[in-house]
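These notes concern the structure reproduced below.
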Amino acid sequence: SKLGADQTIFYNYKDSNNYGYMYFRSGDDLRYFDRVGGGDTAIFATTRKFRDTSAWYHLVLQVDTTQGTNTNRLKFYVNGVQETLTETTYPNQNQALSLPREGTRTIASNNGGGNYFDGYQSHVAFVDSTAPGPTSFGSTDSTSGIWKFTPPNGVTWGNTGFHLKFENSAALGTDSSGNSSTFTVQGNLKQALDTPSNVY
């Protein structure tokens with residue numbers, strides 16, 4: 001619901017030398033940054049700008065550093081379509097990134113409680129040890145041709161994976177992956193009637 005500001009989508013922080021996060025940047029593009037051992041291991045940003053505040057975006061960040069071709073190691077998908085990237089720093093092959101590691105995970109703000117996300121989020125999911133693509137979380141409607149969310153299918157969550165549906169207004173941090181990685185809810189959060197399939 002806000003433009004022209006850094007807004008965190010997901011943040012994982014261990015210490016000042018080990019952290020990773022995905023966010024909308026002040027230039028209204030989508031960016032991912034990862035640092036391990038004090039070195040910048042991955043930096044990516046989309047060419048596309050995200051300025052439609054009335055639309056839902058289905059975002060997938062796919063990471064697989066085992067790939068031999070560096071351009072296949074990190075991909076952004078928006079509404080099922082792979083994005084053109086700029087500002088690319090590719091991780092080395094088999095590089096362990098910070099996201100699946102130990103640390104404090106935060107949704108919609110950074111580790112210090114800043115760069116808040118101003119808007120709605122639905123079905124926030126993190127998958128550890130495998131790299132499913134967008135079709136594990138969405139599909140193209142055969143009638144309208146519009147990309148739509150579908151419940152995760154064929155997903156193996158791994159040890160640190162989670163799936164937040166936000167379906168219980170009294171417990172918005174409940175994890176539905178089976179890992180019991182429930183989040184602590186902070187701030188003045190509200191459950192909205194709007195969903196990607198029913199926009200009021």
Side-chain angles (χ1 to χ4, degrees), residues 2-53 55-112 114-119 121 123-138 140 147 155 158 160-162:
K2 185 178 182 180
L3 299 176
D6 288 352
Q7 299 181 76
T8 304
I9 298 170
F10 176 77
Y11 205 108
N12 189 70
Y13 182 87
K14 179 183 178 184
D15 54 43
S16 60
N17 291 319
N18 299 275
Y19 59 92
Y21 59 105
M22 183 169 76
Y23 66 111
F24 285 118
R25 196 161 45 170
S26 58
D28 301 323
D29 55 353
L30 181 64
R31 189 173 189 254
Y32 173 71
F33 178 90
D34 196 281
R35 172 171 287 180
V36 175
D40 297 346
T41 54
I43 304 173
F44 291 87
T46 61
T47 302
R48 182 210 296 230
K49 307 292 184 180
F50 297 86
R51 292 174 173 151
D52 185 351
T53 58
W56 284 89
Y57 293 107
H58 185 264
L59 310 176
V60 174
L61 169 64
Q62 185 185 47
V63 179
D64 182 2
T65 64
T66 67
Q67 295 291 322
T69 303
N70 63 356
T71 54
N72 290 332
R73 294 176 195 156
L74 192 149
K75 300 174 183 176
F76 267 132
Y77 293 90
V78 178
N79 297 337
V81 178
Q82 186 175 346
E83 290 293 302
T84 301
L85 300 177
T86 184
E87 194 188 355
T88 52
T89 298
Y90 293 100
N92 294 329
Q93 189 172 18
N94 299 315
Q95 170 72 55
L97 300 184
S98 66
L99 281 184
R101 297 182 174 196
E102 70 274 13
T104 301
R105 293 183 169 173
T106 310
I107 306 294
S109 77
N110 64 22
N111 67 296
N115 293 342
Y116 294 106
F117 180 81
D118 187 354
Q121 292 191 15
H123 287 275
V124 175
F126 177 78
V127 180
D128 176 22
S129 300
T130 59
T135 55
S136 293
F137 307 96
T140 301
W147 182 265
V155 172
T160 65
F162 61 83

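Position 1 is the first residue of the sequence; numbering continues from there.
- Within 6.0 Å of NZ in Lys2 there are 12 or fewer heavy atoms belonging to other residues, nucleotides or ligands.
- Between Phe10 and Phe162, the two ring planes are tilted [angle within 30° to 60°].
- Remark: side-chain polar atoms of Tyr57 are paired, donor with acceptor, to backbone N or O of Asp52 under 3.5 angstrom.
- Contact record, Phe117 with Thr8: CB-O, 3.1 Å, taken as the closest heavy-atom pair.
- Asp28 places no side-chain N or O within 3.5 Å of a backbone atom of Phe50 that could act as its donor or acceptor partner.
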Exercise for the section: Decide side-chain contact (heavy atoms from CB on, under 4.5 Å) for Tyr77 and Gln82; before the verdict, give the C-alpha distance in whole Å, the side-chain angles of both, and the deciding distance to 0.1 Å. Expected result: CA-CA 4 Å; Tyr77 293 90; Gln82 186 175 346; 3.6 Å; yes
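- The existence of a salt bridge linking Arg25 and Asp6 is excluded, since no basic side-chain nitrogen approaches an acidic carboxylate oxygen closer than 4.0 Å.
- With sequence neighbours left out, the salt bridge (Lys or Arg N to Asp or Glu O under 4.0 Å) criterion links Lys14 to Glu102.
- Side-chain atoms of Glu83 never come within 3.5 Å of backbone atoms of Phe76 as a donor-acceptor pair (strictly under, hydrogens ignored).
- Note: Tyr21 and Tyr11 have parallel aromatic rings, judged against thresholds of 30 and 60 degrees for the angle between ring planes.
- Checking Thr41 against Asp34 by side-chain atom types alone, a donor-acceptor pair falls below 3.5 Å.
- A donor-acceptor pair under 3.5 Å is absent between the side-chain atoms of Thr160 and the main chain of Asp128, judged by distance alone.
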